[in-house]
Participant: 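Input: one structure, supplied below.
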Amino acid sequence: MISLLVFAACDTSTNQKTQNKASEYVVEPHSFARPNEAAIQHLDLDIKVDFEQKIIVGKATYSIVNNSAEVIVFDSKFLEIDKVEADGKETKFSLGSFDKMLGQPLKVLITNQTKKVTIHYKTTSKTEALQWLNPQQTADKTAPFLFTQGQAILTRTWIPIQDSPQIRITYNATVKVPKNLMAVMSAENPKSKTTDGVYTFKMKQPISPYLMALAVGDIEYKAVSGRTGVYAEKSMLDKVHYEFSDMEKMVVAAEQLYGPYVWDQFDIIVLPPSFPFGGMENPRLTFATPTVIAGDKSLTSLVAHELAHSWSGNLVTNATWEDFWINEGFTVYFEMRIMEALYGADRANMLALIARQDLEEEIEGFKETPNDTKLKLDLKGRNPDDGMTSIAYDKGYLFLRTLEEKVGREKFDAFLKNYFKEHAFSTMHTERFVKYLNENLLDKNKITFNTEEWIYKPGVPANQAIIKSDKFDKVEQSIKEFLGTKKVETAKTKDWTTQEWVHFVKNLPANIKPDQLAKLDQAFNLTNSTNSYVAMVWYEKSIAHNYHGNGVDSKIKSFLNSVGRRWYVNTLFKALKKAGRTAEALDIYKTARGNYHPVTSNTIDALLEFKEGK
Ligand code: BES
Ligand code: ZN
């Protein structure tokens, strides 16, 4: 293992204290960069967003920490490199052989004195981070839209960069866009449009390359509090503002738990429906799907989740994608704690039980490859996407919740608060965490805990925390009653929340018959639910149990044609495939595919064995 200490100066802005943090670069399978020889430290990005040609053109100038290297290696994928300069003078460069997953190493000749490297480049039509939307694919339908998605290894497809989560850079950017559009980034952002379409950005806290982000569209800003607010297209802005009106309260609750929010501003941009994720924690500006705008704030745990990443992920970052649970497991734990603080243990426990069931299903799905149910993964030669499953999220959560119950909340909270403080702006790998946990929590308090089993073994250990919810017990009771009496008691369901409905639908038994589903649909019109989550689990059930009433099939088709959130889309296509309806799935996919971000279409291409041009 190559390891070397590097020192990066970080200005944490709120405490204005310049600290020197030591971090270690471990070898990782998803980047060609060799940061121990020469590492990027700051980026000046100067780009033009060309909606006509659907490309980004510009230059990236890096300040580097040079350990007497004569070559600096960047990651790049599907980029056209026009020219490279070292300290302002043109220099030689070469692109190595192309790897389908990783792209190409870009090797630039430097001298041991070189301090700056400038890369002139263009993106191409293959660029996977970008989605260019025509006006029809947006909410307002009047202007085009562009957004990026960097995690896990896609930033290299829109900026040549050392694309490892261990790298941290500050950046400034100048972005030129068409005059009627606004540009926003994971940085200090404009609150209104400029007259010339030129926007300048500054990100003064060092971030990992996967957190570089840009969105361009006809958007507006509306503040929720002094430091929180929302961006959306005009027709969505008020709805979004209402849905996320607890943002400030969430930041306050999070700060009370695990220390100050160090990124100054916390905004959310709601993107067009093709955004491939629920949310993405781009620093200072979370990117979110419009599918959470339910009208009743019932899906806002997503805000708590992305906010939590401001500590777990953005401040203390997984060192490699094999340590992904360090980002997501901690974030789900933190998310539940924020939800509990704001809305009570009942709501948090319902969310936790849904996560518990998702975990069970994921483990069942991995029964042929149990190694994929370990928290610490082995992803050599595999796409990081393969490791981005419920295991990292929900097993990670269950581990931390079990640990909390073992040591007591008070000690656990103090431990976590220190963990974030002591590792702020640095990376964490699993082994380092285990050591830190032993030294600072377990050994100190003479507590024994099966940490190794949780992290390095498949499945769920026997000492798992038992999560209980009276509300869900009642939902399960209702299912039993319905099955026994064949009657639907609408009085009992009248005050059900989204989570109760999701639990109800998900827990209908495996032998449920189409006519029973029809009865439920008559009573509750689930096929026409306006809640995307309830609709999605209902569609999944309908497909699995051969229900075709109430126009559900055409609803599924239009859902798949309008929403690009990978989790939803993948769940439904998988269900169709499992039900032997692959031909129908392919038929829908042929038209829907053009609306999906490459993150989603890559997944569905593989699932349905779809080849372009066929
Ligand atoms: N960071 C993830 C999204 C992600 C994961 C992007 C892996 C690329 C690769 C984000 O924080 C997330 O977990 N989003 C969830 C929502 C959340 C409430 C569980 C999602 O998109 O569904
Ligand atoms: Zn997350």
Side-chain angles (χ1 to χ4, degrees), residues 30 128-129 131 147-155 157 163 165 186 207-213 244 250 266 268 270-271 273-283 285-292 294 298-318 320-336 338-339 348 351-352 354-356 358-359 362 377 379 382-397 400 498-499 502 532-533 536-537 563-571 597-600 602-603:
H30 300 114
E128 291 161 301
Q131 191 177 17
F147 65 84
T148 65
Q149 168 58 40
Q151 198 181 11
I153 53 170
L154 301 181
T155 297
T157 77
D163 199 6
S186 49
I207 62 167
S208 290
Y210 73 90
L211 296 169
M212 293 289 309
F244 296 161
M250 286 190 181
F266 177 59
I268 301 182
V270 171
L271 295 162
S274 65
F275 183 60
F277 293 103
M280 177 63 215
E281 66 272 23
N282 298 314
L285 180 65
T286 281
F287 283 22
T289 169
T291 61
V292 294
S298 63
L299 299 176
T300 55
S301 59
L302 177 111
V303 178
H305 180 96
E306 304 313 334
L307 170 65
H309 274 305
S310 305
W311 287 258
S312 43
N314 300 359
L315 201 56
V316 183
T317 309
N318 55 203
T320 79
W321 299 117
E322 299 179 333
D323 307 294
F324 185 55
W325 77 277
I326 293 273
N327 274 17
E328 297 299 344
F330 280 78
T331 295
V332 174
Y333 177 80
F334 197 168
E335 167 197 342
M336 301 301 181
I338 296 170
M339 293 304 284
L351 293 168
I354 292 176
R356 185 67 192 83
D358 289 346
L359 175 61
E362 196 79 287
L377 294 166
L379 294 173
R382 297 177 72 186
N383 198 304
D385 253 16
D386 292 358
M388 294 176 170
T389 71
S390 298
I391 302 298
Y393 290 79
D394 301 330
K395 183 177 171 183
Y397 167 69
L400 294 171
T498 294
Q499 284 67 37
V502 166
S532 66
Y533 195 5
M536 191 275 285
V537 292
V563 174
R565 185 175 180 182
R566 180 169 66 176
W567 170 40
Y568 284 4
V569 166
N570 194 30
T571 303
H597 185 280
V599 159
T600 299
N602 284 343
T603 301

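Ligands are counted one by one from 1 in listed order, and the atoms in each one are counted from 1 as well. This is a predicted model, so every value here is computed, not measured.
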Participant: Rounded to 10 degrees, what angle sits at the Zn ion (ligand 2) between Glu328 OE2 and His309 NE2?
Facilitator: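 The two atoms subtend 80° at the Zn ion (ligand 2).
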Participant: Closest to the Zn ion (ligand 2), which N/O/S atom of His305 is it?
Facilitator: NE2
Participant: Checking side-chain polar atoms at under 3.5 Å, does Glu328 have a donor or acceptor matched by the opposite partner on His305?
Facilitator: yes
Participant: Side chains of Tyr568 and Ser532: donor-acceptor distance under 3.5 Å anywhere?
Facilitator: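 Their side chains do contain a donor-acceptor pair, which is all the 3.5 Å distance test asks for.
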Participant: Can you say whether the rings of Phe324 and Tyr393 are parallel (under 30°), tilted (30 to 60°) or perpendicular (over 60°)?
Facilitator: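 Judged by the thresholds at 30° and 60°, the geometry between Phe324 and Tyr393 is perpendicular.
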Participant: Quick one: list whatever passes side chain to side chain contact (heavy atoms under 4.5 Å, CB included) with Ser274, sequence neighbours left out.
Facilitator: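 Side chain to side chain contact (heavy atoms under 4.5 Å, CB included) check on Ser274 returns Gln131, Leu133, Phe147, Asn595.
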Participant: Not counting sequence neighbours, which residues clear ring pair (Phe, Tyr, Trp, His ring centres under 6.0 Å) with Phe287? List them please.
Facilitator: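 With sequence neighbours excluded, Phe287 shows a ring pair (Phe, Tyr, Trp, His ring centres under 6.0 Å) to no residue whatsoever.
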Participant: Please determine, by modelled atom types, if His309 and Thr331 share a side-chain donor-acceptor pair under 3.5 angstrom.
Facilitator: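 On atom types as modelled, these side chains qualify, holding a pair under 3.5 Å.
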Participant: Can you give me a line-by-line list of nitrogen or oxygen pairs between ligand 1 and the protein shorter than 3.5 Å?
Facilitator:
{"unit_1": "ligand 1", "atom_1": "1 (N)", "unit_2": "Gln151", "atom_2": "OE1", "d": "2.8"}
{"unit_1": "ligand 1", "atom_1": "1 (N)", "unit_2": "Glu281", "atom_2": "OE1", "d": "2.6"}
{"unit_1": "ligand 1", "atom_1": "1 (N)", "unit_2": "Glu281", "atom_2": "OE2", "d": "3.2"}
{"unit_1": "ligand 1", "atom_1": "1 (N)", "unit_2": "Glu328", "atom_2": "OE2", "d": "3.1"}
{"unit_1": "ligand 1", "atom_1": "11 (O)", "unit_2": "Glu281", "atom_2": "OE1", "d": "3.0"}
{"unit_1": "ligand 1", "atom_1": "11 (O)", "unit_2": "His305", "atom_2": "NE2", "d": "3.2"}
{"unit_1": "ligand 1", "atom_1": "11 (O)", "unit_2": "Glu306", "atom_2": "OE1", "d": "2.8"}
{"unit_1": "ligand 1", "atom_1": "11 (O)", "unit_2": "Glu306", "atom_2": "OE2", "d": "3.2"}
{"unit_1": "ligand 1", "atom_1": "11 (O)", "unit_2": "His309", "atom_2": "NE2", "d": "2.9"}
{"unit_1": "ligand 1", "atom_1": "13 (O)", "unit_2": "His305", "atom_2": "NE2", "d": "3.1"}
{"unit_1": "ligand 1", "atom_1": "13 (O)", "unit_2": "Glu328", "atom_2": "OE1", "d": "3.4"}
{"unit_1": "ligand 1", "atom_1": "13 (O)", "unit_2": "Tyr393", "atom_2": "OH", "d": "2.7"}
{"unit_1": "ligand 1", "atom_1": "14 (N)", "unit_2": "Gly279", "atom_2": "O", "d": "3.3"}
{"unit_1": "ligand 1", "atom_1": "14 (N)", "unit_2": "Glu306", "atom_2": "OE2", "d": "3.4"}
{"unit_1": "ligand 1", "atom_1": "21 (O)", "unit_2": "Gly278", "atom_2": "N", "d": "2.6"}
{"unit_1": "ligand 1", "atom_1": "21 (O)", "unit_2": "Gly279", "atom_2": "N", "d": "3.4"}

Participant: Can you name the residues that form a ring pair (Phe, Tyr, Trp, His ring centres under 6.0 Å) with Phe244, not counting sequence neighbours?
Facilitator: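 For Phe244, no residue satisfies ring pair (Phe, Tyr, Trp, His ring centres under 6.0 Å) once neighbours in sequence are set aside.
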